[in-house]
Student: 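I'd like to ask some things about the structure below.
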Protein chains: 2
Amino acid sequence: MSTPANTRKDEIIKTAAKLFKEKGYSAVTMRDLAGTMGIKAASLYNHISSKQEILKDIIISLAETFTEGMREIKSAEISSIEKLRKIVKLHVDITSNNTSGMASLNNDWMHLEEKLEYYLTLRTDYEEEFRDILIEGINAGEIEDSNVDVMLFSMLSTLRSLYIWIPKKEDLNPEELSENLSNVLINGIV
Amino acid sequence: MSTPANTRKDEIIKTAAKLFKEKGYSAVTMRDLAGTMGIKAASLYNHISSKQEILKDIIISLAETFTEGMREIKSAEISSIEKLRKIVKLHVDITSNNTSGMASLNNDWMHLEEKLEYYLTLRTDYEEEFRDILIEGINAGEIEDSNVDVMLFSMLSTLRSLYIWIPKKEDLNPEELSENLSNVLINGIV
DNA sequence: CATTTTAACTAACACTTGTTAGTTTGATAG
DNA sequence: CTATCAAACTAACAAGTGTTAGTTAAAATG
């Protein structure tokens, strides 16, 4: 029982993430959220302490999962290209499991308040480790020696947008998607 | 004098776009906007008719500019790969001129209300014409015959995220960026 | 059975929201 | 000089905001 049972709080957070994805954090009221769950707004406060806390719970846990994944990939004894493939898989897997949460992470992180600084640290570190892998690949002759920032930006943009795209293509399984996407990102389209 | 002089309304819209980019449409109040301009909220209404109208003005004009650009590219007598390069340039140029507006277009389109349907039509049409160019390229043997949706998604995600990235790299001029980005998107990174 | 826990409720609060009405001020045009 | 106009102002409103306090009913626990 490492993962705690489905508590009421978890249901609230899950529902909130769905609403946040559709309208954004600021446009979702506690009455919206309560209404969707079939209860009154005040009842939410038996389970959560504030609207803010919901957002924090959604985003920080996801961000930490990425940090954890990157840590493992970084220390693996594989080629840089293989590391990139693992990064793609990391994004596909996390996003497949929680597209709503990923929408909040991408669009509503600026409303984090107390946890904003922490989130930004995680994000910056993640990007730098991503860049390090690219540079490592260039030095090893595996990756073309052109503009690293453009490569990094292009890959990250695509991976961060997965939350929009995955729900529209439920037929494609994560394995296949991860494979196709890696190929396009690494080898291009020609 | 095809473009009308810098009116007060234009200044309001420009300021609003900047704020919308930072916090999102819903989190920006008319008092925020007025405060940033050094006036009172009520004074805004001498120039605009509603908050809603500001968002509409920002997004729809941009969306129509993309539609216009795509129309020209589609009918050009050039290879599919050249068309893709022109699409990249279209995004880089429009985004360079208005990163704030592009943030609203990407993140706040769902708050358009009356103009939402129209916006969605423009967006869907744009994506379909983009896809048609890829298919055309596959049929002509210029582009690899793998998953079209993955290619389309990857390219569009990157192009739509330019608004985040361009402001951080003011040193890179649009020409150079467009060139680098086309290479990465088309040829990959190996 | 008695008690604690879970999860809902009603009522209300202090504050913020977009917006309207009516007014004032300084510059421009006839 | 007078009239017009652009652009600001004050004051206010009705609706909606997140949240708190206190209560109730049913289920789980001892």
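Numbered from 1 within each chain, the chains take letters A, B, ... in sequence-line order.
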Student: What is the distance, to the nearest angstrom, from the CD1 atom on B:I48 to the P atom on C:dG18?
Tutor: 10 Å
Student: Spell out, as yes or no, whether a donor-acceptor pair under 3.5 Å connects the side chain of B:N107 to the backbone of B:A103.
Tutor: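 Yes; judged by distance alone, with no hydrogens or angles, the pair exists.
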Student: Between D:dG18 atom P and A:L33 atom CG, what is the distance in whole Å?
Tutor: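 It works out to 10 Å between those atoms.
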Student: Considering every strand and a 4.0 Å limit on heavy-atom distances, what is the contact class for A:R31: base, sugar-phosphate, or nothing?
Tutor: base
Student: Looking at the side chain of A:I39, which of C:dA8, D:dT20, D:dT10 is the nearest nucleotide?
Tutor: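 Among C:dA8, D:dT20, D:dT10, the one nearest the side chain of A:I39 is C:dA8.
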Student: Please tell me which of the listed nucleotides, D:dT19, C:dT10, C:dT19, lies nearest to the side chain of B:Y45?
Tutor: C:dT19
Student: Tell me whether the centres of the aromatic rings in A:H91 and A:Y126 are closer together than 6.0 Å.
Tutor: yes
Student: Between C1' on C:dT17 and CD on B:Q52, what's the gap in Å once rounded to a whole number?
Tutor: 15 Å
Student: Which is true for A:T29 with a 4.0 Å heavy-atom rule: it touches a base, it touches only sugar-phosphate, or it touches nothing?
Tutor: sugar-phosphate
Student: So if I take every side-chain heavy atom of A:M30 and compare against C:dA8, D:dT19, D:dA8, which nucleotide ends up nearest?
Tutor: D:dT19
Student: With distance as the sole test, does A:S75 use its side chain to make a donor-acceptor pair with the main-chain N or O of A:R71 at under 3.5 Å?
Tutor: yes
Student: Just by distance, do the side chain of B:E142 and the backbone of B:I81 share a donor-acceptor pair under 3.5 Å?
Tutor: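 Side chain of B:E142 to backbone of B:I81, a donor-acceptor pair under 3.5 Å: yes, one is there.
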Student: Measure from CD1 on A:I12 to P on C:dT6 and round the result to the nearest Å.
Tutor: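 Result: 14 Å.
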Student: Could you check how far CG of A:L44 sits from P of D:dT17, rounded to whole Å?
Tutor: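 So the CG-P distance, A:L44 to D:dT17, works out to 13 Å.
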Student: OP1 or OP2 of C:dC9 versus the side-chain N and O atoms of A:K40: is any pair under 4.0 Å?
Tutor: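 No, outside the criterion.
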Student: In whole Å, I'd like the distance from the CG atom of B:L19 to the P atom of C:dG18.
Tutor: 12 Å
Student: If you find the nucleotide of DNA chain D closest to A:A42 and the one closest to A:D32, which residue's nucleotide is nearer the 5' end?
Tutor: A:D32
Student: Can a side chain N or O of B:S43 be found less than 4.0 Å away from OP1 or OP2 on D:dA7?
Tutor: no
Student: How many whole angstroms separate atom NZ of B:K23 from atom P of C:dT16?
Tutor: 12 Å
Student: Got a donor-acceptor pair under 3.5 Å from the side chain of B:N46 to the base of D:dA8?
Tutor: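 Under the 3.5 Å cut-off, the side chain and the base do form a donor-acceptor pair.
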Student: Knowing that exactly one of A:I48, A:I13, A:L19 qualifies, which makes a side chain to side chain contact (heavy atoms under 4.5 Å, CB included) with A:L33?
Tutor: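 Testing A:L33 for a side chain to side chain contact (heavy atoms under 4.5 Å, CB included) against A:I48, A:I13, A:L19 leaves exactly one candidate, A:L19.
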Student: From C-beta outward on B:H47, which listed nucleotide comes closest to its side chain: D:dA8, D:dG18, C:dT20?
Tutor: D:dA8
Student: Can you tell which of C:dT19, D:dA21, C:dA8 lies closest to the side chain of A:R8?
Tutor: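 Taking heavy atoms from C-beta onward, the closest nucleotide is C:dA8.
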